Every structure is written in structure tokens, then in C-alpha cells.
> 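Below is one structure. I have some questions about it.
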Amino acid sequence: MPDRNVVSWTTLISAYANKGMNDRALEFLILMLREGVCPNMYTYSSVLRACADLGVLRQLHSGIIKVGMECDDFVRSALIDNYSKWGELQDALDVFNEMVTKDLGVWNSIIGGFAQNSNGDEALEMYKCMKRAGFAPDQATLTSVLRASTALALLEVGRQVHVHVLKFDRDLILNNALLDMYCKCGSLEGANSVFSRMVERDVISWSTMIAGLAQNGCSLEAMRLFEQMKHSGMEPNYITMVGVLFACSHAGLVEDGLHYLQSMKRSFGIDPGREHYGCMVDLLGRAGKLDEAVKLINKMECEPDAVTWRTLLSACRVHRNSDLAIYAAKQVVKLDPDDAGTYILLSNIYANNQRWEEVTEIRRSMRVRGITKEPGCSWIEVNKKIHAFILGDDSHPQVDEIKRYLNQIVQRLMSIGYVPDTNFVLQDLEDEQREASLQYHSEKLAIAYGIMSLPREKTIMIRKNLRICGDCHTFTKLLAKMEQRIIVIRDPVRYHHFRDGACSCGDFW
DNA sequence: CGTGAGCTAC
């Protein structure tokens, strides 16, 4: 038998890891340990890449510590990366903090870990520390930082990052992230300019731009870009088609949507999945074809999930169909038992129909499960600082001034026909959110602050934790017209792009 | 001889 040293074992393990044959890679690690060959840092960083089980990861980690291999940058970076993949950020951070010196790869791993786990604040904080420690960001760093700015809707931070991106202006992944940042921060000018300057575009670039146009209320442009994409010879993928159907639904193109859904398998070899059906339910729902939407859900090859039913529920709300709303809401609750908004909406519908027993039952099951609705919170970026407004919380230093200003706005709007909307039956607002405090919903405060503080040409970009209520939606439409401002509110589900008295969602959300 | 980190979705 030939002599097998650590290198030959490692070569083998690394090859399996590269091919995604994770079980094989682990088997060979065990075999080599059994033969008494001690793994080195190359072995561990390869096998960590192949580890797809959190328990095994922890075992490997302790093994690594036993042999003193945890001081290697590659090994630590692989550990951080793998813990992040499982969402175990505390473990990732512990590994990171134990190190005295860190190389760029390790910084990239921890920044990427936070960015990918929607922990944008931490990612940006780490990025600052990294620069303070004297490291220059590379493509991977900047991509993660862009992702963090995107998640937080921080256009100004994203613009600053753009300056660094210029050094790597041929990096496709980085440009794609930049494109997405501009789209999600409501700057189609920025996105168009990046897209037109890219020397190379892949399917992700096109898909990002198509979805971005549609999200910002430019569905017809999105459809035109899709035609251009096909014309250029680029093959659409699963995600491209989600964007295309999303555009169809926002533009009310019922026929086109049905056509693409039916033909995408034949034309592009893509089987329609949950996301495509979701767009179609949205499309049919907007058009008021609720029965057809239900039929489509029943016809899906894949199981509908909570998002699918929530989409139908939205349609029921817009078209004021209480019976179907109750049915859809029950499905949502079944699949997502912690969704406070749906319980509240259901209870409001029952209350409106004097079905008090059901109201009591729902309130009881919320208590039992410990479900409470978190207060509405809105964020806005002004002078590179994030200002948070929480319903019923007056801690913003200028809160009195902002409220005075908001009251003036409301007065002016009422003089041109704004009537506060107090129909809450098919909304998920709690009792105390309905009355006097309606006037001070967090997005209204954030918008008022934005108008006070930002120059007229700047888009007012708000991020919200809950969906916008009907009254705030009407208020913002009228305000955008009266003040001639562009206002973007990004709620957890969709974008509302207000301009000239209209919203990109078409009053459907 | 054999190692890490970044992009699009209802």
C-alpha cells in the first residue's frame, strides 16, 4: 500500500468538497483520522466547506481547537462562514473576536455573514471597524456592504460605496449588487446609469433590472427590457420570469401574464413555481378575478404557502370580499401561526359581522400563543443618519416640531380634499392604532421629517416594519402631489412609489 | 502537493 500522507488525504477531501460531495469529504476525514494521520489547516478549511450539518460543524470546531488549528485565517474564515450559513451569528462572532490579527478574508466572512442574515447595521459597523484597522475593501467586501445598504434602504451609504466600486468596475457580481442597491433604494436613475455602463451583463443583471423597474412602478419599461433581453440572446431563468410576471401584475396585463405562465416551460424550459403562481394570484386578484385566483391556487403543482394565501387575502381586502378573506386568512394562520397581522384582520372582520364568539376565540388563541402586534416603526435616512419613528414613542429630539409640521400638512391636505380614512374592517390595525394616533402613524412622522429636512429633489425613502394602512396610503399619495415630491415607502412585502398623486402599487397591497 | 469570503425572487 502506498504511503498516504496528510497531503494526499487533503487533496482527495478537497476534490470531493469542490464537487459538492460533502458526505464523501467527511468520510475521508474520518478515515484519515482513523489511520492516525493528523489533518492540517488545508484539510480543515476544505472539510469545513463540505460540512452541511450544524452538529458536525460544532464537532469539527472542537476538533480544530484540540489540535490548535484555530489560529489559521483560512480555517477561521471557513468557520465564520459556516456558522453564518446556519444563522449562528453569535458563534461566528465568537470565532471572529478570539482572533488577535485578522486578514481581509476573515473580515469579509464576518461582514458577509451579517449582511446575509439581514443584520445590515452590524455589517456596516464591522465594515467601519475593518477600515479603521487599515484594510482596503475588495470586491467581496463591497458586495456585502452594498447588500447591507440595500437591506436598510440607505441610498447615501450605497452611493458612497459606489465610489469604491469604480476601482473594480469590471466586476460583474459587484456591479449586479450595485444595480440592485439603486433599484431597491428607489433610484432608477442610478440603476439605469450602472446598467448602461456595464461592459458585461449576465442573467442576474437583466433580472435585477427588470424586477427593479417593476418594483418602482415602471412595469411597461420592465416589459420592454425583457423583450430587449430576449433579443440580445440572453436566456431568462426562473427568477427573470418572476420579475416579468411581477411586472405584468403591476401593469394589469392579465393576458400577457397568463400567456407567460403557460408558455415559460415550452419557451424557456422553466417549470412555474410558487413565486410565479404568487404573481399570478396577485395579477388576477388586482383584476378582481378572485374566483380564478382561487382556481389557480388549487391547480398549483407545488403546495401554496403562507405568502400565496396572504396575496389572495390582499385581493379580498381590496375587493371587500369578507367570506373569501376569512378562508384565506385561516390558511395563512395554519401555515404561519405567528403572523399577528392576520389574526387581527380576521378578528376585525368577525367583529364587523357581529360574530363575537369568533372574535373572542381569536383573541384567546393570540393570548395563548403569546402573539402581540409589534408597534409600527418607520426609518428614514437623513444626513447619513437613520432616524427611527415608533408609534406612541416620542423620543426623537425634534418630535414636537415634527408633529407641528405634520399637523400643518394635514390641515393643508384637508383643504384640498383629504378625508382621514376610518374604515378598518379589512385592515389589520389594532384598536388603539385606529383613533387619535392614526394621525401619528410612524410613516407620517417619518415623511414629515423627510420633507422638513431633505431638499426638494431628493426622494423621500422610508422603510417600515409593518404594512402601510389605507389612510397613510391615501395621505401619502395626496402629499406627493401637493408637495411635488417623490416618496418611496418600502414595507415588508412591497414597494410604494408615490408620485403625482398615484402609487406604483396601483392601490393594491 | 491541498485552503476562505461577494449578485437577482411572490
Side-chain angles (χ1 to χ4, degrees), chain A residues 5-18 39-50 69 72-82 84-85 92 102-113 115-116 123 130 137-148 150 165 168 171-181 183-184 201-212 214-215 236-246 249-250 272-283 285 297 300 302 304-312 314 493-494:
Chain A
N5 62 11
V6 59
V7 176
S8 35
W9 281 107
T10 304
T11 310
L12 205 56
I13 290 172
S14 171
Y16 281 129
N18 283 341
N40 64 16
M41 61 253 220
Y42 294 101
T43 328
Y44 278 118
S45 49
S46 295
V47 87
L48 280 171
R49 198 152 34 100
M69 215 60 81
D72 179 69
D73 279 336
F74 280 81
V75 172
R76 300 197 114 150
S77 152
L79 279 169
I80 292 169
D81 190 41
N82 215 331
S84 307
K85 262 188 215 127
K102 305 144 164 102
D103 77 350
L104 185 61
V106 175
W107 281 104
N108 284 350
S109 290
I110 195 74
I111 294 171
Q116 279 157 38
M130 184 193 107
D138 71 356
Q139 291 96 316
T141 328
L142 295 173
T143 309
S144 295
V145 175
L146 279 172
R147 182 178 172 133
T150 307
V165 172
F168 309 103
D171 190 296
L172 183 57
I173 295 179
L174 188 46
N175 273 307
N176 284 344
L178 190 61
L179 203 54
D180 192 44
M181 184 281 293
C183 288
K184 296 233 164 72
R201 302 181 190 120
D202 65 359
V203 64
I204 296 181
S205 329
W206 288 95
S207 308
T208 302
M209 197 65 207
I210 290 169
Q215 274 164 344
N237 68 10
Y238 187 99
I239 298 176
T240 319
M241 294 315 295
V242 176
V244 170
L245 291 176
F246 186 76
S249 93
H250 279 62
R274 219 175 256 145
E275 292 89 347
H276 304 110
Y277 282 104
C279 292
M280 292 308 298
V281 170
D282 188 86
L283 171 53
I297 292 179
M300 287 167 60
C302 39
D305 64 358
V307 180
T308 317
W309 290 111
R310 221 176 270 126
T311 308
L312 182 68
S314 294
V493 184
R494 64 174 86 237

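Atoms considered below: every heavy atom in the structure, side chains included; atoms not considered: hydrogens, waters and symmetry mates. It should be emphasised that the depicted structure is a prediction, and the values quoted were computed from it without experimental measurement. Each chain gets a letter, A, B and so on, in the order its sequence line appears, and its residues count up from 1.
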> When all nucleic acid strands are considered with a 4.0 Å heavy-atom cut-off, which category describes A:Asp305: base, sugar-phosphate, or nothing?
base
> Mind checking what makes ring-ring contact (aromatic ring centres under 6.0 Å, His included) contact with A:Tyr42, not counting sequence neighbours?
none
> Round to the nearest Å and state the distance from A:Ile297 atom CD1 to B:dC10 atom P.
16 Å
> Within the side chain of A:Asn82, is there an N or O that forms a donor-acceptor pair under 3.5 Å with the backbone of A:Leu48?
yes
> Quick one: ring-ring contact (aromatic ring centres under 6.0 Å, His included) partners of A:Phe246, sequence neighbours excluded?
A:His250
> With the sugar-phosphate defined as primed atoms, P, OP1 and OP2, and the base as all remaining atoms, what B/S/- string results for nucleotides 2-7 of chain B, 5' to 3', for protein heavy atoms under 4.0 Å?
BBBBBB
> Write down the distance between CG (A:Leu245) and C1' (B:dT8), rounded to a whole number of angstrom.
15 Å
> Residues two or more places apart in sequence or in another chain: which of them pass ring-ring contact (aromatic ring centres under 6.0 Å, His included) with A:Tyr238?
A:His276
> Looking at residues at least two apart in the chain, or sitting in another chain, which of them share a salt bridge (charged side-chain N to carboxylate O under 4.0 Å, His left out) with A:Asp180?
A:Lys184
> Just jot down the ring-ring contact (aromatic ring centres under 6.0 Å, His included) partners of A:Trp206, sequence neighbours excluded, or say none.
A:Phe195
> Under 4.0 Å, heavy atoms only, any strand: does A:Tyr277 hit a base, just the sugar-phosphate, or nothing?
nothing
> Roughly how many Å is it from CD in A:Glu275 to P in B:dA9, rounded to a whole number?
10 Å
> Classify A:Lys102 by what it touches in the nucleic acid, base, sugar-phosphate, or nothing, heavy-atom distance under 4.0 Å.
nothing
